[in-house]
Trainee: 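Take a look at the following structure, please.
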Amino acid sequence: MSGSAFFEVDDLHVHFASRAKLFRETPPPVKAVNGISFSIEPGKTFGLVGESGSGKSTVARAILQLVDVHAGTIRLDGDDVTNVPRPKELAFRKKVQAVLQDPFSSLNQVHQTRRIIGDGITRHFKIKPGPEREQRIINLLDEVGMSTEFLDRYPYEMSGGQRQRVSIARALAVEPELIIADEATSALDVSIQSQVINVLQRVQAETGVAFLFIGHDLEVVKHVSDDVGVMYLGYLVEQGDADAIYEGPTHPYTEMLVASIPMPNPIMQASRRELRQSFNNDAEPPSPARMPPGCPFENRCPVALDICREEMPEPSPAHHGGQVRCHLHTSGPELGGESVVEFIKTEARGQVAV
Amino acid sequence: MTATTSVAQSPRRRFWGRMFKNPLGIFSMIWFVILLIAWVWPELLATHDPLQQDVTLQRLFEGPSRDHWLGTDQLGRDWYSRVIFGAGYAFRSILIAMTIAVVVGVPLGLFSGWRGGRVDRAIMWVNDVLFSLPIILLAMAVIIILTPSLDNAMIGVGIAMSTRFTRLTRAVTLQEKEELYVDSARITGLSTRTILARYIAPNLLSSLIVQAAIISGAIILIGATLSFLGIGASLDDPDWGVMLNRSRELFRVEGVWQVVPPGMALILTVLSFNLLGDAIRDAIGRDSSNNALSITKRTAVTAATTPHATGPDVVLSVRDMDVEFPDQSGRVSQILQGVSLEVRAGETLGVVGESGSGKSMTMLSALGLTPAPGRMTRGSVQFGGRDVTNLTESEWQAIRGKDVGVIFQEPIAVLNPAIKVGRQIAEPLMIHQNLSKKAALQRAGELLAEVRVPDPVRRLDQYPHEFSGGMAQRAGIAMALACEPKLLIADEPSTALDVTVQGQILDLMAEVQERHKMAIILITHDLGVIAEAADRVLVMYGGQVVETASADDIFFRPKHPYSRALLDTMPQSHDGHGELPVIRGMVPSATAWPQGCRFAPRCDFVTDACTNDMPALETIGGDLVRCVRHGEIQLVPEEEMQA
Amino acid sequence: MAKYIGFRLLATIPLMFAIAVVTFLIAVAMEANGSIAIQVCGEGATPECVSAVEENLGLDDPIPVRFIQWLGDVVSGDLGASLLDENASVAGLIGERIWASVSIVGFSLVIGITIGMVMGIMAAIRPGGLLDRSLSIVAASVIAAPGFIIGMMLSWGIAIELGWLDPIGYTPLSESVTGWFTSILLPSIALGMPTIAIVQRQLRSSMANALQSRYVLAARARGVGRAPLIRRHALPNAMVPTITVFGFRAAAAIGLTTAVEIVFGIRGMGELLVTAILNRNVTVLQGGMLIVGLVVAVVNLLVDISYGFLNPKVRLAK
Ligand SMILES: Nc1ncnc2c1ncn2[C@@H]1O[C@H](COP(=O)(O)OP(=O)(O)OP(=O)(O)O)[C@@H](O)[C@H]1O
Ligand code: SF4
Ligand code: SF4
Ligand SMILES: [Mg+2]
């Protein structure tokens, strides 16, 4: 990875220390994020997917300085922004903003839209409440497709989709270079979700802001992203071009995710079901507090090798231009970064007798 | 998530509205006005000098009279006037103790909660030690160090009460600190001071006011107790506690009246503070007077006009169901309107629609579980050919869990946290099949194995919090299937689960359906899940059925514009990264349905005919559709029709 | 469970230590403002008398040394002698009185939790019903009434007017079981009535919450009947906050029994503490507060243990 990217996360680790207990040995820390690296170009979107508890939000919170980084570096415009010190915090906030998951609790219930959006303008551009600030707020509302009648609304007077647009306007207010959208559309109804996604994409086209788009719905993430990363239990198991990964996943877990997406088409879905079922084993993912020494996906993987139980695979290059962390590419069948779909189809059938 | 209520009152208006509607709140406010006058200007209310004794010794221990409204005490002093002057002592006590309690407690709690970590734990440990000691004891400690006086006692009480405020403030701060909007404020770049002052404090304030009202009552009680013991106010003062102290020997001889005037004043004042606290809390918070047991009173249900589906394989048939909810102001909103459905043995009926469209309410109402204060006002329900519309709760008990099993959306929340999972699965078996506990537990183990929970016997002995979401949902399925019901209703069984687990749960349901030949109603908002599992589909919008058809028809030949639009907005329907089709506008709320067709404001095909009258639910060859233009509009492009 | 109880027991030690420190500091503070010596030697005391007293009490040593000495004495059961009467040991004085107080507080708590639970459940079954509304008004009024006023009312009505029981006095359990019971009955009711009301209110509201929960709805959907729904599903969960509140009330009752005892002319801890304060008899007060504090610690321990029984999460937490 070159050191000149606009935004870059390099070997990020976040650990949550367990609380020390009287008369007992302290349990090991929970390793929520384990050596994650990726970069985002200006005006592009990097998507992060994974199941709940895989560490997606922790990555976001680490970038946003809401949790401490254990090791690794985060760079923005060439500056190190890992654990930004207090005096530099304001400058950092000016560049990086966020839209968070829950459209209700991410807005203060006792503030009106004007205040929610205006606070950032006042803070970063030193524009006191007045006509100039008002105009800016109106422009921002317009940008997210809302009229001026919403200026005086409280969050509880708006629908989920409207609240989420206000969140986007609040993020845009400080004219950031990067917006982190953490499950920004997950709580919305499908018809509203598509409205909000369109707003995000239009804003990007107009302002050239970069996005880190986090979600658990691979379909949605793929739709908005240029590149995606797939997380499993704190590891980035695969990353690369969004469409290419979707077409030809190189990691068994990615393939499992893709196969699990239910398609709104009964005929297609009937054939996909069979593929999905070849994965089914009922094991649960290991607890993040007690990670196995080898590949964390090993107990659910239909094509695990012997080495998988002992050794954590290292990242290797994949056909989609990105990287993958799976022994299949370097040991056993030595797929060398090619799609794992065909291999699983033939292998899994034999192994997993349902 | 419900949609906008654009008519929402401002919180302040709603607060005062509720306060003035609460008779107990009004009572306490009136009492406070009297007390305040008694405190600020006692001469205005008093009829005598509270210290004036009867030197003639003629008028001691009198009962109420024109001259002495509440009689006289052992020295012939006027009880009424003494009680009036006593108010001042009570308020003085509150003032001293409350000032100390708030000034010490609130900042400490804020600091401790915001700071967190070791500092927080140390502060809270000391606080909890003090908290657990009797307040009277702490007051005694301060009194003996200084000298016995009410003011000194109140210093002790204030310190003791500060622990209450520290606890509360810290709890609220901790909770608020975790809120996303505080994160958002930090991300915006606001300073800690701004966040504490403008974000945390306002939310803290309401809890503090409630707490302060209740603590004021406690302060008066403790002050009076100390004075009664003779270690509070000076024995010459007209303080309520002191008056009671003087009466404590006399009442045995002179009768109980000697206790009544100061005693009542004391009790009424404390009561008012408590009622005020309750009234404020009720005015702020939500109404909790309804619960799962408050079954709405039976009212006549207007009969359905549409005939029921017939045939030996019809398991459940619902016709023309209306469900209404009165809100707090007594207005009635119609949550469900004319819902009809049926499901046959071996068939899966998918119910799809956006949030708030009434999917869950349909299921609950069909099972007689409409949450209070809602009620079914029209319609008819048949279960296995039997009319169950007007069953009593105990008649329903024999059906629920036995002939119909339910799986809920939140797998962990529906398990009782205090009961072992095995015992919960065994419960329906013990109720409906009269199995012994031992036999039922053994069967529960088999059921867990059947839903492929690894290590089922060990799992029986665990509590719900030891289960992951996916495992809990399997346990939920085991529970619903325990008595091999004829119908399984699954309300968003996989929505809260990861997509990889979702597939497993759906497979599991298909597997058990195959084995037991039961009917399934599968509620979901995800058309993908419908495509995977449903044979027939029912589409809901705004509390109504808008279309029912076979799964293939819904996906390839939809008749209702909403069905079509729902399909289009799914990202799965799109390759590439271009703009997604949307349904404009937003989901309407039950308090303000649009005129005519409820989808009209968002529909691309709307005409005048749509907004005049509500479209009827029409039958077209076995399928239903609610759209006036269903015959004339083309929802499927030609080329797709051929494919 | 045994492990949990053991752990809670260990956790009580620092609490007891903290109580000891607070108690000890009272004497230090009193000595700092010179009030101890004055109490013994009288106002306008000669400096000789003062220094004699201070030497006697060992007040010359540095504070930590004195604390350790004092703590050593306390642990071996020696609470010193009364400041005003060298022949009266504080431990002896307390021993004479503590059982009356413990009887009243203990019995009042038994009354409070049992009757309070029954009434709380009755109110929760039909929220908003006639019973619920009348109980809630009665409960609010009783919570507002201090035990000593209730005591005076009971004493006047039941003991004096009706003559059913003695209005004053305490009979130790060792003398007569029925005598003991009748002598603590009225004081316990007086002290227990607010406890009943507090338990009732809390249980009613936490039952209402539990009955609104998803798991109760789910149990109904399984065909669970009304009675088991309340008894097995709602009650155990509703008891957790109720026990918390009951624990707070228990501590408060230990303090409030002083006033109730005085109404019924019972020579318990109340009288001992109040006279000690009025006489500024620091050794007696210290000893008395220490013992009361320890009783509170024991009550807290019992509350914690019952949590463990009610809440599997607490019990199983590692
Ligand atoms: N207890 C209640 N009191 C008043 N209104 C209620 C109550 N429960 C639900 N509603 C209202 O009934 C309507 C239908 O709710 P329902 O839960 O059936 O929707 P749903 O389709 O299941 O939505 P979701 O997809 O969010 O689960 C909504 O407008 C909701 O606000
Ligand atoms: S490393 Fe092994 S276990 Fe892990 S995903 Fe690859 S093949 Fe499966
Ligand atoms: S009735 Fe009219 S508005 Fe309603 S769905 Fe049909 S075309 Fe659209
Ligand atoms: Mg629902």
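All values below were derived from every heavy atom in this structure, side-chain atoms included, with hydrogens, water molecules and symmetry-related copies excluded.
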Trainee: Salt-bridge test for A:Arg276 and B:Glu532: reply yes if a basic N is under 4.0 Å from a carboxylate O, no otherwise.
Mentor: yes
Trainee: Determine, for B:Arg198 against B:Glu176, whether the closest basic-nitrogen to carboxylate-oxygen distance falls under 4.0 angstrom.
Mentor: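 Here B:Arg198 does not pair with B:Glu176 in a salt bridge, since their nearest N and O are not under 4.0 Å apart.
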Trainee: Please classify the contact of B:Asp526 with chain A as side chain, backbone, both or neither, using a heavy-atom distance under 4.5 Å.
Mentor: side chain
Trainee: Relative to chain B, which segment of A:Glu51 carries a heavy atom at a distance below 4.5 Å: side chain, backbone, both, or neither?
Mentor: both
Trainee: Can you tell me which portion of A:Leu107 sits under 4.5 Å from chain B's heavy atoms? Options are side chain, backbone, both or neither.
Mentor: backbone
Trainee: With only heavy atoms counted, which part of B:Ile187 is less than 4.5 Å from chain A, the side chain, the backbone, both or neither?
Mentor: both
Trainee: Which bit of A:Ala98 is near chain B, if near means a heavy-atom gap under 4.5 Å: side chain, backbone, both or neither?
Mentor: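 For A:Ala98, heavy atoms of backbone and side chain both lie under 4.5 Å from chain B.
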Trainee: Highest number of heavy-atom pairs under 4.5 Å with chain A: which of B:Val453, B:Leu527, B:Ile583?
Mentor: B:Ile583
Trainee: Non-hydrogen atoms of chain A under 4.5 Å away: do they reach the side chain of B:Thr194, the backbone, both or neither?
Mentor: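 Neither the backbone nor the side chain of B:Thr194 comes within 4.5 Å of chain A.
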Trainee: For A:Arg272, is it the side chain, the backbone, both, or neither that has a heavy atom closer than 4.5 Å to a heavy atom of chain B?
Mentor: neither
Trainee: Any donor and acceptor pair, going by atom type alone, linking the side chain of A:Lys56 with main-chain N or O of A:Gly50 inside 3.5 Å?
Mentor: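 Such a contact is found between A:Lys56 side chain and A:Gly50 backbone.
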Trainee: Would you say the side-chain atoms of A:Tyr156 and A:Arg163 include a donor-acceptor pair closer than 3.5 Å?
Mentor: no
Trainee: Could you look at A:Ser225 and say if it's the side chain, the backbone, both or neither that has a heavy atom under 4.5 Å from chain B?
Mentor: backbone
Trainee: Which region of B:Ser494, side chain (C-beta onward) or backbone (N, CA, C, O), has a non-hydrogen atom less than 4.5 Å from a non-hydrogen atom of chain A, or is it both or neither?
Mentor: neither
Trainee: Using non-hydrogen atoms only, which part of A:Asp243 is less than 4.5 Å away from chain B: side chain, backbone, both, or neither?
Mentor: side chain
Trainee: Does the side chain of B:Asp507 come within less than 4.5 Å of A:Gln277's, by heavy atoms?
Mentor: yes
Trainee: What I want to find out is whether B:Arg459 reaches B:Asp455 closely enough, with some N-O distance under 4.0 Å, to be called a salt bridge.
Mentor: no
Trainee: Does this structure show an ion pair linking B:Glu354 with B:Lys359, if we count only N-O contacts that are shorter than 4.0 Å?
Mentor: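 No, B:Glu354 and B:Lys359 are not salt-bridged.
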Trainee: Of all of B:Gly578, B:Ala534, B:Ala565, which one pairs up most often with chain A through heavy atoms under 4.5 Å apart?
Mentor: B:Gly578
Trainee: Give the C-alpha distance, both sets of side-chain angles, the deciding distance and a yes or no for side chain to side chain contact (heavy atoms under 4.5 Å, CB included) between A:Val203 and A:Leu172.
Mentor: CA-CA 9 Å; A:Val203 160; A:Leu172 292 175; 3.4 Å; yes
Trainee: Below 4.5 Å, heavy-atom pairs only: which of B:Asp552, B:Leu566, B:Asp183, B:Leu567 has the largest tally toward chain A?
Mentor: B:Asp183
Trainee: Given that the side chain runs from C-beta out, which part of A:Val99 has a heavy atom under 4.5 Å from chain B: side chain, backbone, both or neither?
Mentor: neither
Trainee: Measure distances from B:Ile530 to the heavy atoms of chain A and classify the residue's part below 4.5 Å as side chain, backbone, both or neither.
Mentor: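 Answer is neither: B:Ile530 stays 4.5 Å or more from chain A.
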Trainee: With respect to chain A, which residue among B:Ser468, B:Ala551, B:Ala533 yields the maximal number of heavy-atom pairs within a distance under 4.5 Å?
Mentor: B:Ser468
Trainee: Can you say whether B:Arg474 sits under 4.5 Å from chain A via the side chain, the backbone, both, or neither, judging by heavy atoms?
Mentor: side chain
Trainee: Report which part of B:Glu579 has an atom under 4.5 Å of a heavy atom belonging to chain A: side chain, backbone, both, or neither.
Mentor: both
Trainee: Give a yes/no verdict on a cation-pi contact between B:Arg598 and B:Tyr541, requiring under 6.0 Å between NZ or CZ and the six-membered ring centre and an angle within 45° of the axis.
Mentor: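 No, B:Arg598 does not lie over the aromatic ring of B:Tyr541.
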Trainee: Is it true that A:Arg123 and A:Asp119 make a salt bridge, defined as a side-chain N closer than 4.0 Å to a carboxylate O?
Mentor: no
Trainee: When rounded to the nearest 0.5 angstrom, what distance separates OH in B:Tyr199 from CD in A:Gln109?
Mentor: 11.5 Å
